[in-house]
Amino acid sequence: MNLIRLAADDMAMGGSDYMQAIMGFLPLVLMIALLYFFMIRPQKKRDKEEREMRNSIQVGDEISTIGGFIGKVVSVKDDVLTIETSNDRTKLRIYRWAIRGKEAAPGDKVEAPKE
């Protein structure tokens with residue numbers, strides 16, 4: 001008789017055990033969602049913008065490299081660019097992934113920081 005009563009009690013508590021298990025995993029799922037929205041998604045967005053910038057480089061653009069060179073693009077072939085770095089026309093061949101960013105052209109106005 002006690003065995004039957006224990007079995008009935010186990011079946012009645014089965015629903016609450018299920019809810020406890022779900023509530024135990026909820027913080028983990030919440031942390032993974034927050035990690036995605038605050039770390040992974042913004043990084044993917046920055047990577048996409050950087051890739052678009054590198055693919056939009058054309059002959060005549062002034063760029064800076066991750067090594068610190070600043071130069072003007074004189075030719076583009078697939079993933080290799082040739083840049084001219086100084087007045088004596090020193091030319092360097094670099095890979096597209098080595099570009100840090102485009103430099104502002106001398107004629108472009110740079111906005112003053114807002115106070």
Side-chain angles (χ1 to χ4, degrees):
M1 186 103 140
N2 285 339
L3 192 56
I4 295 172
R5 187 173 292 168
L6 287 174
D9 288 341
D10 283 344
M11 289 178 73
M13 295 199 48
S16 66
D17 288 342
Y18 179 72
M19 288 302 291
Q20 285 178 350
I22 288 177
M23 295 304 281
F25 283 114
L26 190 62
L28 181 64
V29 171
L30 185 63
M31 284 191 299
I32 290 172
L34 288 173
L35 179 75
Y36 175 77
F37 282 109
F38 286 112
M39 293 181 73
I40 297 170
R41 190 170 174 220
Q43 182 63 39
K44 284 185 178 183
K45 185 177 179 182
R46 281 190 296 269
D47 289 344
K48 182 180 177 185
E49 290 171 354
E50 199 171 283
R51 185 173 44 252
E52 288 173 356
M53 180 272 304
R54 287 180 176 151
N55 289 334
S56 71
I57 300 234
Q58 299 173 352
V59 174
D61 289 344
E62 187 143 338
I63 62 166
S64 62
T65 66
I66 58 175
F69 293 108
I70 298 174
K72 191 175 194 179
V73 177
V74 292
S75 80
V76 177
K77 293 181 183 174
D78 295 327
D79 283 343
V80 178
L81 287 81
T82 304
I83 62 171
E84 199 171 85
T85 59
S86 63
N87 290 336
D88 61 350
R89 299 187 182 256
T90 304
K91 293 184 180 178
L92 297 171
R93 289 178 48 200
I94 60 168
Y95 288 106
R96 193 176 293 268
W97 59 262
I99 298 170
R100 174 173 290 149
K102 288 184 182 180
E103 294 293 314
D108 293 346
K109 290 185 179 180
V110 179
E111 292 183 20
K114 296 180 181 178
E115 295 179 15

In this structure, would [X] and [Y] fall into the same cluster of hydrophobic residues linked by side-chain contacts under 4.5 Å?
{"X": "Met39", "Y": "Leu34", "value": "no"}
{"X": "Val76", "Y": "Ile63", "value": "yes"}
{"X": "Tyr95", "Y": "Val59", "value": "no"}

List the atom pairs, with distances to 0.1 Å, where a side-chain N or O of residues 85-94 and a protein N or O form a donor-acceptor pair under 3.5 Å, not counting sequence neighbours.
from, atom 1, to, atom 2, distance (Å)
Thr85, OG1, Thr90, O, 3.3
Ser86, OG, Asp88, OD1, 2.2
Asp88, OD1, Thr90, OG1, 3.0

Starting at [atom1] of [X], measure out to [atom2] of [Y] and round the result to the nearest 0.5 Å.
{"X": "Met53", "Y": "Arg96", "atom1": "CE", "atom2": "CZ", "value": "10.0 Å"}
{"X": "Leu26", "Y": "Met31", "atom1": "CG", "atom2": "CE", "value": "10.5 Å"}
{"X": "Lys48", "Y": "Lys44", "atom1": "NZ", "atom2": "NZ", "value": "11.5 Å"}
{"X": "Phe37", "Y": "Ile32", "atom1": "CZ", "atom2": "CD1", "value": "13.0 Å"}

Heavy-atom side-chain contact between Glu50 and Ile99 under 4.5 Å: no
Atom NZ of Lys72: over 12 foreign heavy atoms under 6.0 Å: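 Check fails, neighbour count at 12 or below.
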Set of residues satisfying side-chain contact (heavy atoms from CB on, under 4.5 Å) with respect to Asp78, sequence neighbours excluded: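 Asp78: no side-chain contact (heavy atoms from CB on, under 4.5 Å) contacts found.
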Side chain Asp61, main chain Gln58, donor-acceptor under 3.5 Å: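 Yes: the side chain of Asp61 pairs with the backbone of Gln58.
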